[in-house]
*Asks:* 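Input: one structure, supplied below.
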Amino acid sequence: MLIPFTQYLRPNGRKRDVKWECTSHEQEVKAQALLDAGAVFECEQLQTGDVSLTCELEDNNGEMQTLAHEVVP
């Protein structure tokens, strides 16, 4: 399964659609449940060179809530 991500590109944050391939059935099940609930996945390279990965879901007030956030080298 390929998970859709929105990638924000430097320097101005323009968007690009990218996909990440799950490496296990467990990841696929969890990712599909999040997508079915309306969650979105986003990524961007920070100025430090690290990569920020987030999963967000819109709440009942229309605000995006971060469900998970990880910064990786």
Side-chain angles (χ1 to χ4, degrees):
M1 172 186 174
L2 296 174
I3 301 173
F5 274 79
T6 299
Q7 180 182 16
Y8 295 93
L9 300 169
R10 292 189 320 189
N12 57 5
R14 69 186 155 87
K15 297 178 185 180
R16 177 171 70 174
D17 293 331
V18 296
K19 306 253 188 238
W20 179 78
E21 187 170 353
C22 290
T23 57
S24 73
H25 178 70
E26 181 182 0
Q27 285 178 345
E28 288 181 12
V29 170
K30 289 178 180 180
Q32 190 60 59
L34 288 164
L35 290 169
D36 290 346
V40 295
F41 296 91
E42 299 177 330
C43 59
E44 67 178 307
Q45 185 179 28
L46 305 174
Q47 289 182 342
T48 61
D50 293 336
V51 175
S52 171
L53 303 163
T54 59
C55 178
E56 298 182 328
L57 182 64
E58 188 174 327
D59 68 15
N60 294 334
N61 297 321
E63 299 287 326
M64 294 303 286
Q65 299 297 316
T66 301
L67 302 176
H69 181 217
E70 188 166 351
V71 177
V72 296

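Residues: numbered from 1 along the sequence shown.
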*Asks:* Lys15: what forms a salt bridge (Lys or Arg N to Asp or Glu O under 4.0 Å) with it, not counting sequence neighbours?
*Replies:* none

*Asks:* For Arg10, is the CZ atom crowded, meaning more than 12 foreign heavy atoms sit under 6.0 Å from it?
*Replies:* yes

*Asks:* Got a sec, which residues hit side-chain hydrogen bond (donor to acceptor under 3.5 Å, both in side chains) with Ser52, two or more places apart in sequence or on another chain?
*Replies:* His69

*Asks:* Quick one: name the residues clustered hydrophobically with Met64, using the 4.5 Å side-chain heavy-atom rule over I, L, V, M, F, W, Y, and just say none if it's on its own.
*Replies:* Val40

*Asks:* Do other residues, nucleotides or ligands put more than 12 heavy atoms under 6.0 Å from Asn60 CG?
*Replies:* no

*Asks:* Listing request: all salt bridge (Lys or Arg N to Asp or Glu O under 4.0 Å) pairs with a residue in residues 53-62, at least two apart in sequence or in separate chains.
*Replies:* none

*Asks:* How would you list all residue pairs meeting salt bridge (Lys or Arg N to Asp or Glu O under 4.0 Å) that involve residues 19-48, not counting sequence neighbours?
*Replies:* Glu26-Lys30

*Asks:* With sequence neighbours left out, write down each residue that passes salt bridge (Lys or Arg N to Asp or Glu O under 4.0 Å) with Glu63, or none if nothing qualifies.
*Replies:* none

*Asks:* If the condition is side-chain hydrogen bond (donor to acceptor under 3.5 Å, both in side chains), which residues does Gln7 pass it with, not counting sequence neighbours?
*Replies:* Arg16

*Asks:* Please go through Val72's hydrophobic cluster and name the other residues, only I, L, V, M, F, W, Y counting, with side-chain heavy atoms under 4.5 Å joining them.
*Replies:* Met1, Ile3, Phe5, Val18, Trp20, Leu34, Leu35, Phe41, Val51, Leu53, Leu57, Leu67

